Amino acid sequence: MKIAYTHHFGLPLDAVWKGIQDEEVLKKAIPGCQAFSQVEENVYHAEMGISVGPVKGMFTGQVRQADQEEPFFYRLFVKGKGAPGEIDAAAEMKLEEEDTGVKLTCTAEVQVTGVLASVGQRVMGGVAKLVIGQFFKTAEKEMGQMFSHS
């Protein structure tokens, strides 16, 4: 299943780049995040509870950032397991400077198993976009606070 998502940040590029790499920002921005900790450089252990439509349950997994080309590009790999099934996602994140801030474009290839797979791609795509949208909105708020304190 392919997912594409675009978010506009009303912040400078360096703030968005720093924020998207910041453990605290990520921890607060991941919807339903119970635990988020770095296990090695650019690799994090995550636990999150999701409850969107038919997708309910706790997921435990790993989030890994790779191929960083500061401040314009990185890849994100997410592997998660939970009662509703397994998620395996690979995403490309591109950041572009605009007059009003930064445009982030996320294109992901997502594979799911279990109940998640039985839900159907249209519903799953909707759930994924909702979760991703929530993540970026919260991340922007956190980055804004981080940026105004520095």
Side-chain angles (χ1 to χ4, degrees), residues 1-9 11 14-95 102-147 149-150:
M1 173 172 75
K2 286 194 183 310
I3 294 170
Y5 189 87
T6 304
H7 184 85
H8 295 272
F9 291 93
L11 294 164
D14 64 330
V16 174
W17 180 264
K18 274 193 202 111
I20 219 96
Q21 312 282 326
D22 186 273
E23 191 176 330
E24 283 305 305
V25 169
L26 296 172
K27 184 190 280 183
K28 288 176 180 158
I30 294 170
C33 187
Q34 307 287 314
F36 190 82
S37 55
Q38 191 163 358
V39 282
E40 54 188 87
E41 195 180 355
N42 298 324
V43 180
Y44 303 90
H45 168 80
E47 289 172 36
M48 64 189 282
I50 292 184
S51 180
V52 183
V55 182
K56 290 177 175 61
M58 275 301 287
F59 286 89
T60 303
Q62 193 182 72
V63 177
R64 183 168 64 89
Q65 295 182 349
D67 305 329
Q68 280 116 324
E69 293 169 27
E70 188 174 337
F72 299 111
F73 177 84
Y74 69 96
R75 284 188 214 300
L76 192 63
F77 298 95
V78 180
K79 279 185 192 300
K81 264 186 185 145
E86 292 186 27
I87 298 171
D88 194 348
E92 291 197 346
M93 309 293 229
K94 294 189 176 101
L95 288 82
V102 175
K103 177 172 117 178
L104 182 142
T105 309
C106 164
T107 48
E109 184 64 57
V110 184
Q111 289 170 318
V112 292
T113 62
V115 176
L116 297 176
S118 68
V119 167
Q121 284 206 346
R122 213 174 53 104
V123 174
M124 214 35 234
V127 170
K129 283 192 172 162
L130 206 78
V131 171
I132 293 167
Q134 221 178 326
F135 169 80
F136 284 124
K137 281 187 194 89
T138 309
E140 180 167 18
K141 202 178 82 187
E142 291 298 323
M143 289 173 199
Q145 289 172 353
M146 194 172 90
F147 192 68
H149 291 296
S150 56

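Each residue takes its place number in the sequence, starting with 1. What's counted below: heavy atoms across the whole structure, side chains too, no hydrogens, waters or symmetry copies. In this text, all values refer to a predicted model and were calculated from it rather than measured experimentally.
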CD of Q111 to CG of L116, rounded to nearest 0.5 Å, is 12.5 Å
Atom of G133, atom of Y5 and distance for their closest heavy-atom approach: CA-OH, 3.1 Å
Are any non-hydrogen side-chain atoms of K137 and H7 less than 4.5 angstrom apart? yes
Minimum heavy-atom distance between L26 and Q65, given as atom pair plus value: CD1-NE2, 4.2 Å
Between atom CE of M48 and atom NZ of K27, what is the distance when rounded to the nearest 0.5 Å? 15.0 Å
What one should report as the nearest heavy-atom pair of W17 and F73 is CH2-O, 3.4 Å
Once you measure the plane-to-plane angle for F36 and Y44, does it fall in the parallel (<30°), tilted (30-60°) or perpendicular (>60°) bin? parallel
With a 4.5 Å cut-off on side-chain heavy atoms, are L11 and V102 touching? no
Does the side chain of E92 come within less than 4.5 Å of T105's, by heavy atoms? no
Taking side chain as C-beta onward, heavy atoms only, is F77 less than 4.5 Å from N42? no
With rounding to the nearest 0.5 angstrom, report the CD to CG distance, E86 to D88. 8.5 Å
For the residue pair V119 and V112, establish whether any side-chain heavy-atom pair is separated by less than 4.5 Å. no
Please report the closest heavy-atom contact between A89 and V110, naming both atoms and the distance. CB-CG2, 4.0 Å
Close side-chain approach of K2 and T107, heavy atoms under 4.5 Å: no
Working to the nearest 0.5 angstrom, can you tell me the gap between E24 CD and Q145 CD? 12.0 Å
So, Q21 versus Q68: side-chain donor-acceptor pair below 3.5 Å or not? yes
Other residues, nucleotides, ligands: >12 heavy atoms within 6.0 Å of K141 NZ: no
Calculate, to the nearest 0.5 Å, the distance between atoms CE and NZ belonging to M146 and K28 respectively. 10.5 Å
Looking only at heavy atoms, which two atoms of F59 and P84 are closest? And how far apart? CZ-CG, 3.7 Å
CZ (R75) and CD (E69) are apart, to the nearest 0.5 Å, by 8.0 Å
How far apart are the closest heavy atoms of M58 and E47, and which atoms are they? CE-CB, 4.1 Å
